[in-house]
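I have placed the structure first, in the form of structure tokens, so that the comments after it can refer back to it.
This one's a predicted model, so the numbers in the text were calculated from it and none came from an experiment.
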2 protein chains.
Amino acid sequence: MPHNKLPTVKEIAKRLNVSTSTVSRALHNHPSIGLVTTMRVHKVAQELGYEINKTAIFFKERKTYTIGVIIPDLAEPFFSSALTGIEDAAETSRYNVIIGQSLNSFEREKRIVANMKDHRVDGILVSITKETSTYEHFEQLHKFNIPVVFFDRVPNRQDINYVACNLVSGMLQAVAKLVAKGYRRIGLINGPAKLAATLQRLQIYLNCLRQNGLEIDQDIIVSTTLSKADNLTAMNRLLVLEQPPEAVITFNDHVLLDCMAAVTNAGLEVNKDISFVSFANLPVWEYMDKKPLASIEQFAYKQASTAAGFLFKLIDHSAQPDAPEMPPLQCIIDSEMVEYSQ
Amino acid sequence: MPHNKLPTVKEIAKRLNVSTSTVSRALHNHPSIGLVTTMRVHKVAQELGYEINKTAIFFKERKTYTIGVIIPDLAEPFFSSALTGIEDAAETSRYNVIIGQSLNSFEREKRIVANMKDHRVDGILVSITKETSTYEHFEQLHKFNIPVVFFDRVPNRQDINYVACNLVSGMLQAVAKLVAKGYRRIGLINGPAKLAATLQRLQIYLNCLRQNGLEIDQDIIVSTTLSKADNLTAMNRLLVLEQPPEAVITFNDHVLLDCMAAVTNAGLEVNKDISFVSFANLPVWEYMDKKPLASIEQFAYKQASTAAGFLFKLIDHSAQPDAPEMPPLQCIIDSEMVEYSQ
DNA sequence: AAAATTTACACATACGGTTGCGTAACCTCT
DNA sequence: AGAGGTTACGCAACCGTATGTGTAAATTTT
């Protein structure tokens with residue numbers, strides 16, 4: 001507890017022999033306070049270096065003007081970009097952002113939620129953990145009037161506020177582009193089966209191929225555990241086929257980096273002998289020579305700032321005393337193919 | 001202002017016809033409250049779903065258990081890693097972290113500081129903007145008893161708390177390694193002159209070469225504006241020399257990526273015809289084939305968590321009423337060469 | 001049995017600022 | 001001059017919790 005006390009309205013009031021209410025109103029230039037008094041108050045406030053203690057207001061208003069953000073891992077460019085989107089949105093709405101990384105641990109996620117509840121954040125934005133399958137820790141927030149908006153990694157339920165991304169739209173564009181370029185044999189290097197994203201990507205892949213009237217060949221659908229060695233193996237499996245794919249969709253950019261190495265090792269050339277499409281998460285492509293033909297942009301910034309907008313709307317709404325329950329705010333943002341200039 | 005009121009000690013007190021002080025003490029199992037009363041209080045608290053409102057405590061104790069972190073840009077892996085270090089340190093000390101990106105704008109930095117002051121954070125960790133040259137906005141925090149610890153990008157003054165990184169140590173190791181490998185001609189691709197980091201790197205470079213008894217040749221010291229085209233030009237300038245350098249130290253990893261491309265374009269091979277050393281900031285090397293021989297690790301996580309430790313020490317210290325002014329806490333962490341397995 | 005001590009609780013205040021309501025003093029109008 | 005209105009301010013309560021101090025009643029001590 002800091003010892004040296006800061007000047008308060010009380011202090012100003014004492015010096016001027018007026019009441020604290022007068023000082024408070026004078027500082028806000030309330031019309032019911034005379035001009036002379038108002039000026040004297042301002043003068044003394046200036047002299048004492050008075051600055052308002054907003055924590056007192058926060059406490060009284062039961063509002064902290066702070067939102068919490070829970071994300072799995074800041075090291076992922078997707079999430080750091082998302083956080084920037086949130087911060088920008090928060091700044092214009094005069095909110096602060098407190099942050100917690102769940103590091104994909106359900107237990108950490110719960111601890112962070114509890115902590116944010118203790119700090120009485122006005123709302124929470126969250127991209128859930130891979131492990132998260134129960135939601136009591138979020139539901140409990142309802143009691144404290146703390147709205148929650150999920151983004152990107154959202155629970156599979158309908159009674160929640162969320163902003164998510166539709167991967168299909170971007171992939172359709174990408175496959176269309178590949179088809180337009182004359183590619184008919186498009187392979188897939190997928191992730192490990194236990195990840196939900198893996199099944200999702202497979203469905204999208206099949207979906208897009210069918211919509212483009214392409215034949216589906218199980219030989220050019222392989223998977224990797226995401227280890228470097230396994231990534232190389234997966235790519236090599238495709239390269240040694242009698243009829244290797246002309247283009248390959250990879251699980252993510254990390255996989256793709258290894259796949260490109262495998263292509264080079266095989267004496268082939270990326271974007272000439274074989275082309276790639278990936279799911280965007282590395283901003284590093286800009287600095288590189290060999291790039292995928294296109295990437296599926298998932299708009300971290302946009303998703304997150306949209307989610308933040310939802311959250312502020314919910315906060316404002318619940319501030320009204322006669323607030324009827326609001327229907328869930330939900331938004332699905334289309335992904336888009338981003339072509340890289342080669 | 002949320003309307004549906006949460007249960008308070010007052011509510012519990014009313015139900016049991018006791019005073020709030022009794023309830024408060026009972027909830028903390030204070031010995032001066034009888035066992036029966038204590039248990040009844042706990043029971044009612046449980047039934048009502050009472051949870052303590054810490055904002056009241058924060059307000060009363062003039063302590064928010066929140067620290068502010070101001071960094072230039074989360075998109076840089078260095079800073080996202082630093083933030084993780086801070087978060088981990090904060091969690092074990094039961095602190096929350098509120099975050100602000102200055103985006104290298106001095107004005108934003110000032111706004112963020114003012115905002116964090118309003119929220120009465122208990123302390124601030126900051127990596128300053130490239131533009132920052134005045135410090136009133138930080139000095140002003142002293143009045144509010146908000147300690148500040150700078151890290152990585154620290155002001156050039158001695159009366160401040162800071163944690164910084166000594167780039168020389170790592171570079172010495174790297175040059176020593178290059179020398180041990182038989183390289184005698186070591187070039188430098190530096191950044192634009194207006195950046196402080198540029199002069200710093202030049203000095204380190206000259207320093208290390210001298211200490212290893214190597215000749216300094218101005219022909220193999222070039223610079224780039226950091227644009228891709230310019231990076232390529234810089235590298236090419238070295239490659240077309242009669243006696244090109246055998247190894248090159250690059251300003252940073254982004255520059256290096258382009259330099260590697262230039263090498264490949266020239267029909268040469270990275271790590272065979274020419275080797276590189278860079279200043280670490282990209283975690284992506286792990287996923288790539290061509291890597292620098294070594295990188296100068298600047299320990300974002302360690303710097304940041306050390307700085308956080310300093311901050312908590314300062315906060316604890318200023319909490320003591322008879323606290324004499326503390327001498328500045330300062331720490332310089334040695335950088336280290338990190339060798340990449342090729 | 002009276003005195004001393006302990007037990008178990010209530011009262012009041014503080015943290016810093018805001019705000020509804022009350023009220024003197026002054027001014028205006030008839 | 002008295003009624004009515006306006007101006008300029010003070011009073012008091014409030015947000016939720018903690019805690020120093022006071023004090024009956026119960027218990028122990030002498």
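Within a 6.0 Å radius of CZ in Arg157(A), other residues, nucleotides and ligands contribute more than 12 heavy atoms.
The residue Val18(B) sits close only to the backbone: its heavy atoms come under 4.0 Å of sugar-phosphate atoms, none of a base. Among the protein residues, Ser32(B) comes within range of the nucleic acid bases, having at least one heavy atom under 4.0 Å from a base atom.
For the residue pair Pro155(A) and Ile128(A), the shortest heavy atom distance occurs at N-CD1, 3.8 Å. Residues Ser81(A) and Ala300(A) approach most closely at OG-CB, 3.8 Å, considering heavy atoms.
With Gln101(A) contributing its side chain and Leu74(A) its backbone, the two residues share a donor-acceptor pair below 3.5 Å. With Glu109(A) contributing its side chain and Thr129(A) its backbone, the two residues share a donor-acceptor pair below 3.5 Å. Listed for the Glu131(A) side chain is a donor-acceptor partner under 3.5 Å among the backbone atoms of Phe106(A).
Not one side-chain nitrogen or oxygen of Lys63(A) sits closer than 4.0 Å to the OP1 or OP2 atom of dC15(D). Regarding contacts with the backbone of dG16(D), a side-chain N or O of Arg62(A) is found under 4.0 angstrom from either OP1 or OP2. OP1 or OP2 of dC9(D) sits under 4.0 Å from a side-chain N or O of Thr37(A). Between Ser24(A) and dT18(C), a side-chain N or O to OP1/OP2 separation shorter than 4.0 Å is present. Under 4.0 angstrom from either OP1 or OP2 of dG16(C) there lies no side-chain N or O belonging to Thr8(A). Between Lys60(B) and dC15(D) there is no side-chain N or O to OP1 or OP2 distance below 4.0 Å.
Here His119(B) and Phe58(A) bring their ring centres to under 6.0 angstrom of each other. Aromatic pair Phe150(A)/Phe138(A): centroids less than 6.0 angstrom apart. Side-chain rings of Phe312(A) and His317(A) stay apart, their centers remaining 6.0 Å or farther from each other.
When rounded to the nearest whole Å, the span between CG of Leu16(A) and P of dC9(D) equals 11 Å. Spacing between atom CG of Asn29(B) and atom P of dA8(C) amounts to 14 Å, rounded to whole angstrom units. Separating the CG atom of Asp118(B) from the P atom of dG16(C) is a distance of 16 Å, rounded to the nearest angstrom. Remark: C1' of dA14(C) and CD of Glu61(B) are 12 Å apart, rounded to the nearest angstrom. Between Leu6(A) atom CG and dC15(C) atom C1' the separation is 13 Å, expressed in whole Å. One interatomic measurement links the two molecules: CG of Leu27(A) to P of dT19(C), which rounds to 13 Å at whole-angstrom precision. One atom, NE2 of His30(A), and another, P of dT7(D), lie 13 Å apart when rounded to the nearest Å. For the pair Ile33(A) CD1 and dT23(C) P, the computed distance is 18 Å after rounding to whole Å.
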Table of protein N/O atoms under 3.5 Å from nucleotides 20-29 of chain D N/O atoms:
unit_1	atom_1	unit_2	atom_2	d
dG20(D)	O6	Arg25(B)	NH2	2.4

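Classification of Glu136(A) and Lys110(A) as a salt-bridged pair fails, no side-chain N sitting under 4.0 Å from a carboxylate O. For Arg15(A) and Glu11(A), the salt-bridge test passes: some basic side-chain N is under 4.0 Å from an acidic carboxylate O.
Rounded to 10°, the angle separating the first-five-pair axis and the last-five-pair axis of the helix from dA1(C)-dT30(D) to dT30(C)-dA1(D) equals 60°.
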Set out, in order, the CA-CA distance, both residues' side-chain angles and the distance that settles salt bridge (Lys or Arg N to Asp or Glu O under 4.0 Å) for Glu91(A) and Arg108(B), then state yes or no. CA-CA 10 Å; Glu91(A) 205 206 343; Arg108(B) 271 187 77 109; 3.3 Å; yes

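Scanning residues 46-59 of chain A for heavy-atom distances under 4.0 Å to DNA chain D yields Phe59(A).
With contacts defined as side-chain heavy-atom distances shorter than 4.5 Å, the pair Ile52(B)/Ile57(B) qualifies.
Across the interface with DNA chain D, nearest-nucleotide mapping of Thr20(A) and Gly34(A) shows Gly34(A) to be the residue nearer the 5′ end. For the pair Asn17(B) and Lys10(A), both in contact range of DNA chain C, the more 5′-proximal nearest nucleotide belongs to Asn17(B).
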